[in-house]
2 protein chains.
Amino acid sequence: MISTRERILDAAEKMFADQGYSATSVRKIISKARVNLAAVHYHFHSKEELLEAVILRRAIPANQERLELLDACEAAAPGGNPGLEEILRAFLAPSLRVVRDPALGGVVFMRLIARLQAEGDLWQKTVGGHFLPLLDRYGSALRRALPELSQEELFWRVHFAIGATTQALRGTETLELFSGGLCRPTDPNLILDRLIGFVSAGMRAPVAVHSLSGGTK
Amino acid sequence: MISTRERILDAAEKMFADQGYSATSVRKIISKARVNLAAVHYHFHSKEELLEAVILRRAIPANQERLELLDACEAAAPGGNPGLEEILRAFLAPSLRVVRDPALGGVVFMRLIARLQAEGDLWQKTVGGHFLPLLDRYGSALRRALPELSQEELFWRVHFAIGATTQALRGTETLELFSGGLCRPTDPNLILDRLIGFVSAGMRAPVAVHSLSGGTK
DNA sequence: GTCTATAACTTGATAGAC
DNA sequence: GTCTATCAAGTTATAGAC
């Protein structure tokens with residue numbers, strides 16, 4: 001039998017992902033989790049801390065693994081400089097495991113992350129900080145893999161890449177809809193391959209020479 | 001003096017963008033707009049219809065312009081087949097105008113769009129349908145610009161591109177934060193140039209040969 | 001650790017005077 | 001078209017029994 005605490009986390013994760021944080025009341029959560037209202041406040045003190053717990057349960061081990069995978073692939077690479085695709089794969093492999101395994105949250109968790117990321121404020125309050133150390137390590141690996149890019153240019157491309165990744169991992173309902181059912185949720189491995197193809201090409205794009213006075217048509 | 005109706009729309013747009021739809025109560029909106037509570041229900045019937053009105057006010061003219069720009073660039077292109085960058089630019093030019101002009105909603109409106117897009121359910125209920133006709137026209141233009149891609153592959157790449165675009169137009173707070181202030185909100189034209197560079201390279205990426213049994217590392 | 005009961009407040013929406 | 005007054009329901013959170 002799963003503990004009360006876990007049942008609350010599971011229900012909250014699903015409902016925050018499906019309906020958003022503020023649209024999900026603690027009462028809806030407890031009714032789904034079949035627990036008592038006071039149990040939530042006993043275990044998590046407040047709704048906001050509950051959200052934080054929901055995310056950290058998954059994000060802490062995944063980020064730990066991301067660091068280890070980067071270490072491993074730097075150790076294996078010639079000169080300690082792995083290629084762009086390898087770096088992207090090290091970062092995304094834990095996400096892929098999460099998506100594949102419902103016990104790790106599955107797509108539900110990725111949808112929640114996507115949602116929070118779009119909200120900005122909540123993201124920073126809850127988990128933003130837990131991703132900053134990652135950024136350091138991965139940032140410097142990327143700089144060595146793409147030495148022709150200025151620091152600024154690199155940041156912009158990482159920014160775009162985060163957008164594409166979020167979209168890819170969020171789930172495919174929108175895509176299924178607008179592709180008329182042609183694109184269906186196939187093997188997540190395949191999605192990852194496509195994503196890495198897209199992102200690595202984008203990050204290697206020739207540096208644009210920007211017109212001095214703004215777009216000349 | 002701006003009409004009551006417009007004042008409500010302006011306040012609602014800003015607050016929905018900043019705090020999300022369900023975290024924004026009608027009462028917070030009326031206090032910002034300095035109007036009466038009943039005025040909202042008089043003009044818009046319900047909170048949900050208010051959201052719809054907020055979006056359609058901007059989206060209808062912008063989408064109209066997107067169609068006209070595509071017509072124009074197809075008429076000008078040799079064989080009626082404009083290149084990838086031209087198509088992307090036609091689609092994004094109206095977004096750029098919105099971002100540049102606070103009177104058209106500015107970044108605020110784009111932030112709202114990004115948020116709704118991440119929410120999925122609300123998106124489809126409110127505006128999803130208004131983008132479908134666009135998809136048809138732009139989809140076929142893209143197919144002609146990238147004939148080497150299968151229909152399915154193309155849809156996936158459009159999906160990723162939407163993610164990158166959403167991220168780019170949402171505003172640069174996150175980017176500023178994690179770049180340590182190096183990337184600041186410069187000329188939106190420049191952002192657009194970078195985005196188009198990234199996305200067009202991603203869409204032209206070589207088609208990956210996927211391993212038959214899943215990732216072989 | 002789990003429960004009931006309840007406090008204290010906010011929510012979207014409407015009726016009806018002007 | 002604009003207002004006040006009010007409804008019925010739902011909100012987070014806590015006190016205190018077991």
Side-chain angles (χ1 to χ4, degrees), chain A residues 1-57 112 115-116 118-127, chain B residues 1-57 112 115-116 118-127:
Chain A
M1 174 51 159
I2 315 164
S3 74
T4 300
R5 208 189 122 95
E6 292 279 312
R7 287 228 306 289
I8 295 170
L9 286 172
D10 289 343
E13 180 175 64
K14 175 107 176 73
M15 302 193 79
F16 285 154
D18 285 348
Q19 323 179 15
Y21 172 76
S22 40
T24 304
S25 68
V26 180
R27 304 179 110 92
K28 285 185 203 155
I29 294 171
I30 60 148
S31 109
K32 184 180 169 71
R34 317 283 248 107
V35 300
N36 189 272
L37 173 60
V40 172
H41 292 97
Y42 173 79
H43 285 287
F44 305 98
H45 308 302
S46 73
K47 187 186 172 185
E48 201 167 304
E49 284 176 78
L50 168 59
L51 172 65
E52 206 174 330
V54 163
I55 293 166
L56 294 185
R57 172 172 68 148
L112 174 56
R115 229 181 170 125
L116 286 179
E119 308 209 2
D121 34 337
L122 266 178
W123 177 254
Q124 255 139 57
K125 269 206 273 189
T126 51
V127 275
Chain B
M1 174 51 159
I2 315 165
S3 73
T4 301
R5 208 189 121 97
E6 293 280 310
R7 287 227 305 289
I8 295 171
L9 286 172
D10 289 343
E13 179 175 65
K14 176 108 176 70
M15 303 193 80
F16 285 153
D18 286 347
Q19 325 180 10
Y21 173 75
S22 39
T24 305
S25 67
V26 179
R27 304 174 113 94
K28 286 185 204 153
I29 294 171
I30 61 146
S31 111
K32 184 180 169 69
R34 317 283 248 105
V35 301
N36 188 271
L37 173 59
V40 172
H41 292 97
Y42 174 78
H43 285 287
F44 305 99
H45 308 303
S46 73
K47 188 186 173 185
E48 201 168 304
E49 283 176 78
L50 168 59
L51 172 64
E52 206 175 331
V54 163
I55 293 167
L56 294 185
R57 171 172 70 148
L112 173 57
R115 227 179 174 129
L116 287 179
E119 307 209 3
D121 35 337
L122 266 179
W123 176 256
Q124 255 140 56
K125 268 206 273 190
T126 50
V127 274

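The sequence lines fix the lettering, A, B, ..., with proteins before strands; numbering per chain opens at 1.
- Contact annotation: A:H41 side-chain N/O to D:dA13 OP1/OP2 distance is under 4.0 Å.
- Rounding to whole angstrom units, NZ of residue B:K47 and P of C:dG12 are separated by 4 Å.
- Between the side chain of A:R115 and the main chain of A:A17, a donor-acceptor pair closer than 3.5 Å is present.
- The phosphate of D:dT2 has OP1 or OP2 within less than 4.0 Å of a side-chain N or O from B:T4.
- Within the 4.0 Å cut-off from OP1 or OP2 of D:dG10, not a single side-chain nitrogen or oxygen of A:S25 is found.
- Here B:T24 lies in heavy-atom contact (under 4.0 Å) with sugar-phosphate atoms only.
- The separation between A:R5 atom CZ and C:dT2 atom P is 11 Å, rounded to whole Å.
- Put simply, the side chain of A:Y21 gets close to the backbone of A:E48: a donor and an acceptor are under 3.5 Å apart.
- The A:Y42 side chain lies nearest to C:dG1 when the options are C:dG12, C:dG1, C:dC3.
- Ranking C:dG12, D:dT11, D:dA13 by closeness to the A:K28 side chain, first place goes to D:dT11.
- Across the protein-nucleic acid pair, B:R27 atom CZ and D:dC3 atom C1' stand 14 Å apart, rounded to whole Å.
- Candidate nucleotides C:dA5, C:dG12, C:dC3 were compared by shortest atom distance to the side chain of A:L37, and C:dA5 ranks first.
- Look at B:N36 and you won't find any side-chain N or O under 4.0 angstrom from OP1 or OP2 of D:dG1.
- Atom-to-atom, CD1 of A:I30 to C1' of C:dG1 comes out at 16 Å; the value is rounded to the nearest Å.
- In this structure, CD of A:Q19 is placed 10 Å from P of D:dT11, rounded to the nearest angstrom.
- Residue A:H43 places at least one side-chain N or O closer than 4.0 Å to OP1 or OP2 of C:dT2.
- The residue A:A38 sits close to a base: some heavy atom pair falls under 4.0 Å.
- Whole-Å rounding puts the B:E48 CD to C:dA13 C1' distance at 14 Å.
- In this structure, A:I29 atom CD1 and D:dA13 atom C1' are separated by 14 Å, rounded to whole Å.
- B:R7 places a side-chain N or O within 3.5 Å of a backbone atom of B:R34 that can act as its donor or acceptor partner.
- Considering only heavy atoms from C-beta on, A:L9 comes within 4.5 Å of A:F44 through its side chain.
- Rounded to whole Å, atom P of C:dC3 lies 10 Å from atom CD1 of A:I8.
- Note on B:R57 versus B:D10: salt bridge recorded, some NZ/NE/NH1/NH2 to OD/OE distance being below 4.0 Å.
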